Each structure stands twice: as structure tokens, then as C-alpha cells.
Amino acid sequence: MTIHVNAATSVDGKLASRRREQLAISGPADFARVDRVRAANDAVMVGVGTVLADDPSLTLDDPELVATREERGAPPQPTRVVADSNARTPPDARVLDDAAPTVVLVAAGAPDERVAAIENTGATVLAAGDERVDLPMAFEGIAARGLVDVMVEGGGELIFSLFDAGLVDELTVYVGSTIVGGRTAPTLADGEGFVDEYPTLDLVDVERIDDGVLLRYDC
Ligand SMILES: NC(=O)C1=CN([C@@H]2O[C@H](COP(=O)(O)OP(=O)(O)OC[C@H]3O[C@@H](n4cnc5c(N)ncnc54)[C@H](O)[C@@H]3O)[C@@H](O)[C@H]2O)C=CC1
Ligand SMILES: Nc1nc(O)c(N)c(N[C@@H]2O[C@H](COP(=O)(O)O)[C@@H](O)[C@H]2O)n1
């Protein structure tokens, strides 16, 4: 199994503004690269905070990328995966439409009626963990469904948890040439934060794209 985290930050490390609204940090060339990374993976994952803030579709729009997947025998779209301990994904969220399959990861304590509302959209609900999604267990569950190469797009809470659990294989960060600021604005890794044993990464490539820089790390 491989887990590739990809996100875009401002120079000051923010994923979005303090309003937590979606912010286009990437330019056209970087968004095209993000689509290629999506196409190369079995699944594209976000936390429910990102679903609630951005209502993303997480699909491929470029028919050539869809065709490339089909040529190698993969489904036309990667499966969308949402980490959603309490089943808060709204049934009318774009990730639950019929444009691609979706797996929603919940905790055992998620309210039954919200789980049922998600299942009624046709999505698969997988329980892993008691109060919060247990990520290693959840990845075992999705690997058993053939989803072994996973791209994670965010947000900061989920990315922190993945580093905390030692699950990240590759990190790509596009740093756009802007300052966002705001002490409550989401950053690349939020959560509780590390106070010792900080993860150290291997910088393997630096590339200029649009008016920013793509940093590539082995983790
Ligand atoms: N610039 C970029 O590349 C991206 C920006 N964003 C931004 O990030 C913000 C959303 O980020 P966050 O609020 O941090 O939410 P998030 O997307 O990281 O979701 C966090 C939620 O995921 C659920 N979750 C389930 N299991 C979990 C676990 N084991 N660890 C952590 N979370 C778990 C919890 O309900 C938690 O509240 C939005 O403002 C969005 O616009 C999101 C993705 C990419
Ligand atoms: N790579 C990247 N660059 C940015 O500037 C961004 N704002 C994001 N956001 C992520 O992309 C998702 C949108 O997906 P759809 O276009 O709706 O499929 C958004 O939810 C974030 O995950 N990413």
C-alpha cells in the first residue's frame, strides 16, 4: 500500500484562509498535475472537514486521464474516500454523487441514522475504530477492496493524523506565492501538533510550477 499526501499551501503554510473557504493556491499547471496524481491512484481521500468546507468532487475531468486509466484496466475514476468519524458527510455532498464510487470511513459510534443516510446514496460505509476513525485499520479495510495506492488531499487534521501514525510514504506540497495569515487558518498539519520526535522528511525534488514551487519528499 502507498499513501501520497498532496496539498497546496501559501508561503506561510496555510491551506485556506481563516474563513476555511476553498482558496485556489495552485495555478493551472499545478491543478493539471494534481489531476494526474489522482489518475495514478486507486483512491483519493479527504477528511470530512474538507467536504464540509469545499464540497469537492474529487473526480477526473480530463477525458484523456480517464481513458489512460481504462487502458490499464482500472475503473474510469478513482474511488473517493472520506474520513468521517461521526458520519457528518451531507447526503447531497458532491462526493456522494454517482460520478465515482465512494467509501466513507466512520467510527463504530457514528449515529445509525446518519450512516443510513450516507448508505442510501449508494456509498459504502466502513467502520474502523470506536470514537474516531482508526486510520491503520481503515486502510486495511480499503486495501481489502483493492484500493492500495491512495492519494490524500487534506485537510490539515487528517494530514497530521497520517504523519502521527507514520502512514505517509510521499508528500508533495505546492507552495504558492501568496501570504494568507490568520492564527486559526488551517495549515498543512494541524491536529495536536508534535512536541518531540518530529517526522523528518527526505527532500527529493524541487520544481518551479506556475508562480510557485513544488516540493517532493520521501517520508
Ligand atoms: N490547499 C489545499 O491543498 C487543501 C485545502 N484544504 C482546506 O483544509 C480545510 C479543511 O481541513 P480540516 O478542517 O483540517 O479538516 P480535514 O479535511 O482534515 O477533516 C478533519 C476531520 O476528519 C475526520 N477524521 C476522521 N478520522 C480522523 C483521524 N483519524 N484524524 C483526523 N481527522 C479524522 C474528523 O471528523 C475531523 O474533524 C478547508 O479549509 C479546506 O479548504 C483541504 C484540502 C486541500
Ligand atoms: N492541490 C490543490 N491546490 C489548491 O489550490 C487547492 N485549493 C486544493 N484543494 C483541494 O482540491 C479539492 C477540490 O477538488 P475538486 O476540484 O472539487 O475535485 C479541495 O477540496 C481540496 O481537497 N488542492
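Each ligand, and each atom within it, is numbered from 1 in the order the structure gives. In this text the structure is predicted, and so the values were computed from the model without any measurement. In this chain, residues are counted from 1 in sequence order.
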Side chain, backbone, both or neither: Glu157 near ligand 1, heavy atoms under 4.0 Å: both
Polar atom proximity, Asp54 to ligand 2 (N or O, under 3.5 Å): yes
Nearest-neighbour protein heavy atom for atom 7 (N) of ligand 2, which is reported as residue plus atom name and distance: Leu23 O, 2.7 Å
Listed partners of Asp205 passing side-chain contact (heavy atoms from CB on, under 4.5 Å), at least two apart: Glu207, Arg216
Single hit among Glu170, His4, Glu153 for side chain to side chain contact (heavy atoms under 4.5 Å, CB included) with Val37: His4
Structural part of Phe31 in contact with ligand 2, heavy atom criterion under 4.0 angstrom: side chain
Closest to atom 23 (C) of ligand 1 among Ala7, Ala107, Ala83 (heavy-atom distance): Ala83
Distance from atom 3 (N) of ligand 2 to nearest protein heavy atom, with residue and atom: Ser26 OG, 2.7 Å
Within reach of ligand 2, part of Asn6 (heavy-atom separation under 4.0 Å): side chain
Atom 14 (O) of ligand 2: the protein heavy-atom neighbour that sits closest, reported with distance to 0.1 Å: Arg38 NH2, 3.0 Å
Contact partition for Ile25 relative to ligand 2, non-hydrogen atoms under 4.0 Å: both
Option with minimal heavy-atom separation from atom 15 (O) of ligand 1, where the choices are Gly191, Ala24, Pro56, Gly49: Gly49
Protein contact to atom 22 (O) of ligand 2 [nearest heavy atom, distance to 0.1 Å]: Glu153 OE1, 3.4 Å
Region of Met45 engaging ligand 2 - heavy atom pairs below 4.0 Å: neither
Exceeds 12 heavy-atom contacts within 6.0 angstrom, atom CD of Glu131: no
Ring centers of Phe194, Phe160 separated by less than 6.0 Å: yes
Whether Val46 lies under 4.0 Å from ligand 1, heavy atom: no
Contact atoms of ligand 2, heavy-atom distance to Val34 under 4.0 Å: 1 (N)
Any N/O pair Asp30/ligand 2 closer than 3.5 Å: no
Per-residue contact class, Val48 against ligand 1 - non-hydrogen pairs under 4.0 Å: both
Which residue and heavy atom of the protein sit nearest atom 13 (C) of ligand 2, plus the separation: Gln22 NE2, 3.2 Å
Heavy-atom proximity to atom 37 (O) of ligand 1, best of Gln22, Glu131, Arg88: Arg88
Polar proximity ligand 2 side, Ala24 side, N/O cut 3.5 Å exclusive: no
Pair Arg69 + Asp42: basic N to acidic O under 4.0 Å: no
Per-residue contact class, Pro186 against ligand 1 - non-hydrogen pairs under 4.0 Å: side chain
